[in-house]
Structures are given as C-alpha cells and as structure tokens.
Amino acid sequence: MRTIARETVFKIVFAAQFTGGQDNVLKASLYKNEKLNQEDVIYADRVLSVISEHENEFTENIDRLSASFPESRLFPADRSIILVALAEIGYMDDIPEVVSINEAANIASKYSSPKSASFVSGILAEVIKK
C-alpha cells in the first residue's frame, strides 16, 4: 500500500502552496522521517513531477468541474489532495482510478474538514466521467 507515500506527497504539495514551490530539503526530510522505501520514493517523485508539469491543467479542471467553488477558494489541504489524485488519474495508468479516489477521500478525512472527503470524491468522480 502506498498510503504513507501518498500522505507524504500530500504534505509536500500542501507546503509548496505556502513556500512558492517544492522544497527539496523538506521532501528529503519527509522521505526519511516516513521511512519511504525506494519504490515509494520513485512513486512520490513521479507524482510530484507530474504535478509540477501539469498544475495549470489541473487547476483548470478543478475550476471547470467546481464552478460554484473555484480552485482559488479551496482549502489548501483539499487542493493538495485533489492535485495528487489528478496526477494519478491522469498520468499514472498503473494506479486504478477508484484507488486514487478512495485514498484521496481518506486523506481528506484525516487532514481536512469534515465535509472535505465528500467534496474531493465528488470532484474526482466528475473527472473520471469526463
């Protein structure tokens, strides 16, 4: 299971919203602190790379699918969770979409507001429909 690796990626993406980009020192520290194995590090680096390359595209998708709650108004935690899941759904064919949505909802339940899991799941379900 990649739950710990996903949560680690979430933390890096979340922090990047406040620091202006991914912090390699933080990333290395989290990888070590969470005791990620080599496979998890490869996964995490891959997700972070996809997010860096396609963040504008992901933001446009969020805005399009959540017209009443645009990306700029999202809780930073929810935005981070959705970005991780969009990277998996859009660019990582080896991860089933349902797994990405379920993991995103679980992370939202743990790190965000009580209603966030439903919101995140709804946005991601719309992505899969399209």
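Source: prediction; values computed, not measured.
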Item to check | Partner of V47 under side-chain contact (heavy atoms from CB on, under 4.5 Å), chosen from I51, V50, D45 | outcome: I51
Item to check | All side-chain hydrogen bond (donor to acceptor under 3.5 Å, both in side chains) counterparts of S49, not counting sequence neighbours | outcome: E53
Straight-line distance of [X] [atom1] to [Y] [atom2], nearest 0.5 Å:
| X | Y | atom1 | atom2 | value |
| --- | --- | --- | --- | --- |
| E57 | E60 | CD | CD | 7.5 Å |
| N24 | S29 | CG | OG | 12.0 Å |
| I4 | K35 | CD1 | NZ | 9.5 Å |
| L74 | L83 | CG | CG | 9.0 Å |
| Q38 | Y31 | CD | OH | 10.5 Å |
| T19 | F14 | OG1 | CZ | 11.0 Å |

Item to check | Minimum heavy-atom distance A5-L36, with the two atoms named | outcome: CA-CD2, 3.9 Å
Checklist entry - Between L124 and A85, which heavy-atom pair has the shortest distance, and what is it? => result CD1-CB, 3.5 Å
Checklist entry - Between H54 and Y91, what is the ring plane arrangement, given parallel below 30°, perpendicular above 60°, and tilted in between? => result parallel
Item to check | CA sep, side-chain torsions, deciding dist, call: I101, I89, side-chain contact (heavy atoms from CB on, under 4.5 Å) | outcome: CA-CA 9 Å; I101 293 173; I89 291 167; 4.3 Å; yes
For residues [X] and [Y], determine if any side-chain heavy atom of one lies less than 4.5 Å from a side-chain heavy atom of the other.
| X | Y | result |
| --- | --- | --- |
| T59 | R79 | yes |
| L86 | I123 | no |
| F119 | I82 | yes |
| Y43 | V9 | yes |
| N106 | T3 | no |

Checklist entry - Would a hydrophobic clustering, with Ile, Leu, Val, Met, Phe, Trp and Tyr connected at side-chain separations under 4.5 Å, put I12 with F18? => result yes
Next on the checklist: Are L48 and I42 connected into the same hydrophobic cluster when the rule is that any two of I, L, V, M, F, W, Y join if their side-chain heavy atoms are below 4.5 Å apart?
Outcome noted: no
Checklist entry - Thinking salt bridges, do E34 and K11 make one under a 4.0 Å N-O criterion? => result yes
Checklist entry - Hey, are R6 and E88 close enough for a salt bridge, meaning a charged N less than 4.0 Å from a carboxylate O? => result yes
Checklist entry - Going through the distances and angles, do E97 and N102 end up as a side-chain contact (heavy atoms from CB on, under 4.5 Å)? => result CA-CA 9 Å; E97 294 169 339; N102 187 52; over 6 Å; no
Checklist entry - Where the side chain of S109 meets the backbone of A105, is there a donor-acceptor pair that is under 3.5 Å apart? => result yes
Item to check | S116 (side chain) donor-acceptor with S112 (main chain) under 3.5 angstrom | outcome: no
